[in-house]
Structures are given as C-alpha cells and as structure tokens.
Novice: 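What follows is a single structure, and I will ask about it in a moment.
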Amino acid sequence: MQDNPRFNDALFGLVVSSARALNLFLKRTAFIGRKLDYVVVEGPLAGGHLGFGEDWRNFKLEDIVKDVVKLVKDTGLNVPVLGAGGIFSGKEAVDLMKKTGASGIQAATRFTIAQESGLPDPVKQVYNRTQRTKTLKSTHASPTGYLMRNA
C-alpha cells in the first residue's frame, strides 16, 4: 500500500473499543511509518461486532472515550477522537464531547431511516416503531468471538 501514490492522500483511521486496543495497535504498527489521522471509539451500544462480552453493561462510552483521549494525548498522537454508539441526539453528542474531550461523534443508526438510505421501507418502519429501550444484544457470538449488537 505504501508504494501506491494514493496511500499518502487517504485518511488512516482506526475503530477501537478500548484504550488498550489502541495502545496495542500503536505498538504493533509503529514500523509502517504512517500515523493515524483519527480514532473512532465504539462503546457497547454501537452496532456490529464489538469488543465486549457478556459483561457489556459494565462499560460506558464516556469512560472509554476519556481513556482513549488521555492515551492519545499521552502518546503525542494529536488526532481527533470520535465517540460512537448510543448517541441519539445532538445534545448527547455535545455532552459526550464536553465530558470526554472527544472531537466529535460517529453516527449511523440514526440515519438508517432517512429517505436517502438504501434500507427497504418495511425495515425502516420497524426502526420507527422500536423504542430506545428495545435495543438488543445478540446472544450469538460473531466471527470475531464477541457478541454482536443489533439495533
């Protein structure tokens, strides 16, 4: 990839679920000579294959983002840290940034029901009818060995 001229123009980001994961990545990739451009921190309420097990309720996005922001500062990385997962409003986004030092957020589920979304209308209606408290964690492990979260 380094030999491709587009390599230097592409943003290089990482999605992590803990400061520990970011630290491992930084140590194991120091040899590539390319620093991260941003870090996305996905908490236990993010969708997909997450780095949380059955104890996922014991983790809070706010705490994880604080830890990652501290690690980024301590290592001199100086890149934006974005929080993701369970952020449902602009107020929640601003609160997370103020409390943790995050530079922004990543949001996805909130946009699945937008007209521009490719999701079929019947599925969008299910999203519309689902209450925030109805978010479920799958009881089946993903190929990564962790639980999958379904909105």
Side-chain angles (χ1 to χ4, degrees), residues 10-30 32 34-151:
L11 291 179
F12 184 36
L14 181 67
V15 178
V16 297
S17 58
S18 68
R20 180 178 175 267
L22 174 59
N23 196 38
L24 285 169
F25 176 86
L26 294 174
K27 286 181 179 178
R28 293 186 183 243
T29 59
I32 67 171
R34 175 79 193 272
K35 299 237 184 226
L36 289 171
D37 293 304
Y38 64 92
V39 177
V40 176
V41 180
E42 289 189 343
L45 296 181
H49 308 290
L50 305 173
F52 300 95
E54 293 286 345
D55 63 346
W56 65 274
R57 286 181 181 86
N58 298 334
F59 297 91
K60 296 195 180 334
L61 176 63
E62 184 179 311
D63 297 336
I64 302 166
V65 172
K66 282 180 187 176
D67 290 345
V68 171
V69 167
K70 182 180 180 326
L71 178 62
V72 165
K73 286 180 181 175
D74 290 350
T75 59
L77 195 54
N78 195 29
V79 298
V81 175
L82 310 172
I87 302 163
F88 290 92
S89 71
K91 181 183 180 329
E92 289 178 0
V94 170
D95 287 348
L96 180 77
M97 291 185 290
K98 284 182 179 178
K99 291 177 182 177
T100 65
S103 303
I105 67 152
Q106 172 183 282
T109 304
R110 305 314 305 154
F111 300 103
T112 57
I113 59 171
Q115 181 178 355
E116 297 82 3
S117 167
L119 207 58
D121 284 335
V123 177
K124 290 180 185 180
Q125 294 309 313
V126 170
Y127 272 78
N128 278 330
R129 289 190 305 269
T130 303
Q131 297 174 5
R132 186 173 177 176
T133 58
K134 298 286 184 182
T135 303
L136 301 174
K137 191 84 168 179
S138 174
T139 57
H140 301 287
S142 76
T144 63
Y146 293 109
L147 296 176
M148 294 183 293
R149 184 178 178 281
N150 305 307

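What you see is a predicted model; the values in this text were computed from it and never measured. Because only heavy atoms are used, hydrogens play no part in the values below, and waters and symmetry mates are left out as well, while side chains stay in.
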Novice: When you compare the side chain of L22 with that of L14, does any pair of heavy atoms fall below 4.5 Å?
Specialist: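 Of all side-chain heavy-atom pairs linking L22 with L14, at least one is under 4.5 Å.
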Novice: For the atom pair CD1 (I64) and CZ (R20), what is the distance rounded to the nearest 0.5 Å?
Specialist: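 It comes to 13.5 Å.
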Novice: State whether the side chain of D37 and the backbone N or O of F12 hold a donor-acceptor pair below 3.5 Å, judged by distance alone.
Specialist: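 Yes; judged by distance alone, with no hydrogens or angles, the pair exists.
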Novice: To the nearest 0.5 Å, what is the distance between CG on L36 and CG on N78?
Specialist: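 That separation rounds to 12.5 Å.
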Novice: Can you give me every donor-acceptor pair (side chain of residues 94-108, partner residue at least two apart or in another chain, under 3.5 Å) with its distance?
Specialist:
residue : atom : partner : partner atom : Å
D95     : OD2  : K91     : NZ           : 2.8
T100    : OG1  : L96     : O            : 2.6
T100    : OG1  : A102    : N            : 3.1

Novice: Tell me which donor-acceptor pairs under 3.5 Å the side chains of residues 68-75 have, and how far apart each pair is, sequence neighbours excluded?
Specialist:
residue : atom : partner : partner atom : Å
K70     : NZ   : D74     : OD2          : 2.6
T75     : OG1  : L71     : O            : 2.9
T75     : OG1  : V72     : O            : 3.2

Novice: When rounded to the nearest 0.5 angstrom, what distance separates NZ in K60 from CG in N58?
Specialist: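 It is 8.5 Å, given to the nearest 0.5 Å.
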Novice: Check L61 against P44 and note the closest heavy-atom contact, atom names and distance.
Specialist: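 Heavy atoms only, the tightest pair is N-CD, 4.3 Å.
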Novice: Kindly compute the distance separating OH (Y38) from CG (L82), expressed to the nearest 0.5 Å.
Specialist: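 The CG atom of L82 is 8.0 Å from OH of Y38, to the nearest 0.5 Å.
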Novice: Drop me the distance from S18's OG to D67's CG, to the nearest 0.5 angstrom.
Specialist: 8.5 Å
Novice: Not counting sequence neighbours, which residues clear salt bridge (charged side-chain N to carboxylate O under 4.0 Å, His left out) with K35? List them please.
Specialist: none
Novice: Give the minimum heavy-atom separation between W56 and L45, together with the two atoms involved.
Specialist: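 Residues W56 and L45, closest heavy atoms: CZ3-CD2, 3.7 Å.
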Novice: Counting N and O atoms only, with roles assigned by atom type, does the side chain of K124 sit under 3.5 Å from a partner on the main chain of A114, one being a donor and the other an acceptor?
Specialist: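 Indeed, once roles are kept as given, a pair shorter than 3.5 Å links the two residues.
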